[in-house]
Amino acid sequence: MRILLIAIVGLVSPACAQDNPAMEQRLAKWLQQFPEADTNKDGKLTMEEANAFKAKMQEQRQADKKKSRVEPTHADVKYGDHERQVFDVWLPEKEKAGEGRVPVLIFFHGGGFVAGDKKGFDPSSFLEAGIACVSSNYRFVDGRETLCPIPMQDGARVVQTVRHRADEWNIDSGRVAISGSSAGAVMTLWIGYHDDLKQPDSEDPVARQSTRATCLIPLNGPTNLNPDWIRKHIGGAKHVH
């Protein structure tokens, strides 16, 4: 229920709540569900109090997530020179991994190519299944120098880097799954359906690696990024990000 409050309150500004009977009814309902949000204890929940409660819950969620996060086996592994070209690696325990090399799941976070972080990924269930995990950051687009497909190319480089270090991490380079949410899902699809980006004659040993994946798991990702198509079939602002 707290997630419901956070999601809904975040859509409405204090100005919108003024002289809005429907919003007043919602605030009254939320007060019944979350009496602790009424900080001055006057029996009435204001939009300011609701937003403050939302912020507090968000901070608590972030703290809980950070506290419960499994520490990576290798943190901030660099795959390029930019500060965001880093990823974390988790390797399953020997009793979970079994004999031989382990498969790997590479995950890219969401955020519209302008936000997000690798730390939001939880590898726990995959490690229990004996699967190694990689959660990666990538460069954000800025509308000037960094544009698409640079984030996708970063993702492909991550796949190549993982394959290049497969022996070191006991990873089966023939069992590579790629996943991601939202923007990360777009990266997943782009890498998966793009021609193999390996350069067999490159002097760079990482570039000689394949970008092919065994399976793709895109989560909540758009399959069309054309602004004209989006405006025509879905709608939205004149300038679609």
Side-chain angles (χ1 to χ4, degrees), residues 69-92 101-127 131-142 145-200 202-221 225:
R69 185 174 187 256
V70 179
E71 290 298 319
T73 310
H74 305 287
D76 295 324
V77 178
K78 293 183 67 66
Y79 66 91
D81 296 329
H82 193 275
E83 63 181 0
R84 285 198 53 81
Q85 289 179 309
V86 291
F87 59 75
D88 294 338
V89 181
W90 293 265
L91 301 177
R101 300 199 175 205
V102 297
V104 62
L105 173 76
I106 300 174
F107 186 86
F108 300 107
H109 64 79
F113 297 109
V114 295
D117 189 84
K118 59 185 172 61
K119 293 181 180 178
F121 174 72
D122 181 4
S124 302
S125 59
F126 302 101
L127 294 175
I131 300 171
C133 294
V134 170
S135 180
S136 184
N137 283 345
Y138 46 87
R139 285 173 287 179
F140 292 146
V141 298
D142 58 15
E145 297 179 358
T146 306
L147 304 168
C148 284
I150 285 178
M152 290 79 154
Q153 293 168 340
D154 278 359
R157 180 77 178 184
V158 171
V159 176
Q160 292 175 310
T161 303
V162 171
R163 276 206 166 94
H164 178 62
R165 303 185 67 170
D167 290 344
E168 176 185 349
W169 295 329
N170 196 39
I171 286 174
D172 184 348
S173 60
R175 291 190 291 168
V176 176
I178 305 176
S179 183
S181 176
S182 191
V186 175
M187 295 173 63
T188 298
L189 293 168
W190 189 92
I191 297 168
Y193 288 107
H194 200 286
D195 291 341
D196 197 334
L197 293 170
K198 68 178 179 180
Q199 303 172 36
S202 175
E203 295 182 359
D204 177 6
V206 175
R208 293 198 294 264
Q209 299 294 325
S210 173
T211 58
R212 277 285 158 262
T214 308
C215 70
L216 309 175
I217 314 169
L219 306 171
N220 305 316
L225 302 182

Student: Just checking E168: does its CD atom have more than 12 heavy atoms from other residues, nucleotides or ligands closer to it than 6.0 angstrom?
Tutor: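 Counting neighbours around CD of E168, more than 12 heavy atoms of other residues, nucleotides or ligands fall under 6.0 Å, so yes.
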
Student: Answer yes or no: is there a side-chain heavy-atom contact under 4.5 Å between S181 and F107?
Tutor: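 In contact.
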
Student: Could you tell me whether the side chain of W90 and the main chain of L127 form a donor-acceptor pair under 3.5 Å?
Tutor: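 Flag not set: sc W90 to bb L127 has no pair under 3.5 Å.
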
Student: Could you tell me whether the side chain of D196 and the main chain of T211 form a donor-acceptor pair under 3.5 Å?
Tutor: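 The answer is yes, because a donor-acceptor pair under 3.5 Å joins these two groups.
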
Student: Tell me if a side-chain donor or acceptor on T73 pairs with a main-chain N or O of L91 at a distance below 3.5 Å.
Tutor: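 Yes: the side chain of T73 pairs with the backbone of L91.
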
Student: Distance-only, no hydrogens or angles: does the R208 side chain make a donor-acceptor pair with backbone N or O of S202 under 3.5 Å?
Tutor: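 Yes, the answer is positive, given that a donor and an acceptor are paired below the 3.5 Å cut-off.
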
Student: Partners of H82 by ring pair (Phe, Tyr, Trp, His ring centres under 6.0 Å), sequence neighbours excluded?
Tutor: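 Per chain and number, H82 pairs via ring pair (Phe, Tyr, Trp, His ring centres under 6.0 Å) with no residue.
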
Student: How many angstroms lie between CG in D154 and CD1 in I191, if you round to the nearest 0.5 Å?
Tutor: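 Going from the CG atom of D154 to the CD1 atom of I191 covers 9.5 Å.
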
Student: Looking only at atom types and distance, does a side-chain atom of R101 sit under 3.5 Å from a main-chain N or O of G174, one as donor and one as acceptor?
Tutor: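 No, R101 side chain to G174 backbone: no donor-acceptor pair under 3.5 Å.
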
Student: Once salt bridge (Lys or Arg N to Asp or Glu O under 4.0 Å) is applied, do any residues pair with D76, and if so which ones, sequence neighbours excluded?
Tutor: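 Residues passing salt bridge (Lys or Arg N to Asp or Glu O under 4.0 Å) with D76: K118.
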
Student: Give the ring-plane orientation class for F87 versus W169, where under 30° counts as parallel, over 60° as perpendicular and anything between as tilted.
Tutor: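 F87 vs W169 ring planes: perpendicular.
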
Student: Ring-plane angle category for Y138 and F140, please: parallel below 30°, perpendicular beyond 60°, tilted otherwise.
Tutor: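 Y138 and F140: perpendicular rings.
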
